[in-house]
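Below: one structure, written as structure tokens.
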Amino acid sequence: MKIILGSSSPRRQSLLKQVGISFEVEVPNVDEKLITSTDPQTKVIETARLKADALQLPENTTIITGDTVVSFNNEIFEKPTSKEEARKMINALSGNTHEVYSAAIIKSRDFEEKIISKASVSFFSLSHQEIEDYINTGEPYDKAGAYGIQDFGASFVESIQGDYYTIVGLPIARVYRALKKHGL
Ligand SMILES: Cc1cn([C@H]2C[C@H](O)[C@@H](COP(=O)(O)OP(=O)(O)OP(=O)(O)O)O2)c(=O)[nH]c1=O
């Protein structure tokens, strides 16, 4: 059985490697704006499904897709599209607790697993200068919520509740166990 990871996320790729899963990468070509739900849990699972449905599903192949959003104060923060947006997100998260939702779809011709995971992250109060310095590293732009807990963004984090890897972008233990359940 071949495993295809339908993701350009280097984090998702490294997490699968970390638990010994061999896979090929095929990046689905989708317009995530098609998913308009304002509920973060619905948004991530529907976006992961959109990505999964955009991939071919030949015999003896299992595909894995994922999606991650940050949710704060009834707002959904995806990847920032500008310096201003990154600044707005990090300012909002500063000194507060937010949620990170990650979803994964694992599917073959014979089965489909739907995984949704939520974790909470509390930030220290950040100074204007550290926010500006962080934005200028360029790190925020490929990450929901404009920060990477696995990178310099770790310096913002006072505490987390839940699965760390859900914050990084894939609830890897649950994905791993679902794959093993299906003999992969
Ligand atoms: C909150 C947080 C998000 N992220 C990343 C995980 C995801 O890669 C990204 C959210 O964007 P996604 O749209 O979920 O994924 P992607 O665009 O990176 O890749 P693809 O759609 O091809 O699967 O944010 C971190 O790397 N660290 C973090 O702390």
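Both ligands and their constituent atoms are indexed starting at 1 by order of listing.
- Those atoms of ligand 1 with a heavy atom of D67 less than 4.0 angstrom away are 12 (P), 13 (O), 14 (O).
- The aromatic rings of F72 and F77 lie tilted to each other, with the angle between the two planes from 30° to 60°.
- Put simply, M1 and L55 are part of two different groups of oily side chains (I, L, V, M, F, W, Y) that touch within less than 4.5 Å, one to the next.
- Ion pairing between R49 and E112 holds under the 4.0 Å rule for side-chain N and carboxylate O.
- At least one heavy atom of G148 sits less than 4.0 Å from an atom of ligand 1.
- Of the possible donor and acceptor atoms, none in the side chain of R87 sits under 3.5 Å from a partner among the backbone N and O of I131.
- Counting protein heavy atoms only, atom 24 (O) of ligand 1 is closest to A144 N, 3.0 Å.
- Scanning T68, L50, V168 for the heavy atom closest to atom 6 (C) of ligand 1 points to V168.
- Near D142, with a cut-off below 4.0 Å to any heavy atom, the atoms of ligand 1 are 9 (C), 24 (O).
- Follow the hydrophobic side-chain contacts under 4.5 Å out from V44 and you never reach I172; the two are in separate clusters.
- Among the candidates Y147, F124, Y134, the single residue satisfying the ring pair (Phe, Tyr, Trp, His ring centres under 6.0 Å) test with F156 is Y134.
- The I149 neighbourhood of ligand 1 comprises atoms 27 (N), 28 (C), 29 (O), with distances under 4.0 Å to a heavy atom of that residue.
- The nearest heavy-atom contact from the protein to atom 18 (O) of ligand 1 is S9 CB, 3.6 Å.
- Residue, atom and distance of the protein heavy atom nearest to atom 19 (O) of ligand 1 are S8 OG, 3.4 Å.
- For atom 28 (C) of ligand 1, the nearest non-hydrogen atom from the set N29, I167, L170 belongs to I167.
- Panel note: side chain E139, backbone G153; a donor-acceptor pair is recorded below 3.5 Å.
- Residue, atom and distance of the protein heavy atom nearest to atom 21 (O) of ligand 1 are K51 NZ, 2.7 Å.
- The closest approach between any non-hydrogen atom of E78 and ligand 1 is not below 4.0 Å.
- When the shell of 6.0 Å around CG of N74 is examined, it contains 12 or fewer heavy atoms from other residues, nucleotides or ligands.
- Scanning all protein heavy atoms for the shortest distance to atom 27 (N) of ligand 1 gives Q150 OE1, 2.9 Å.
- For atom 11 (O) of ligand 1, the closest heavy atom belonging to the protein is K79 NZ, 3.5 Å.
- Distances below 4.0 Å separate heavy atoms of S7 from the following atoms of ligand 1: 19 (O), 20 (P), 22 (O), 23 (O).
- In this structure, D151 does not pair ionically with R11, as no charged nitrogen and carboxylate oxygen lie closer than 4.0 Å.
- Under a 3.5 Å cut-off, the side chain of S94 and the backbone N or O of L126 do form a donor-acceptor pair.
- Annotation: atom 15 (O) of ligand 1 to nearest protein heavy atom, R12 NH1, 2.9 Å.
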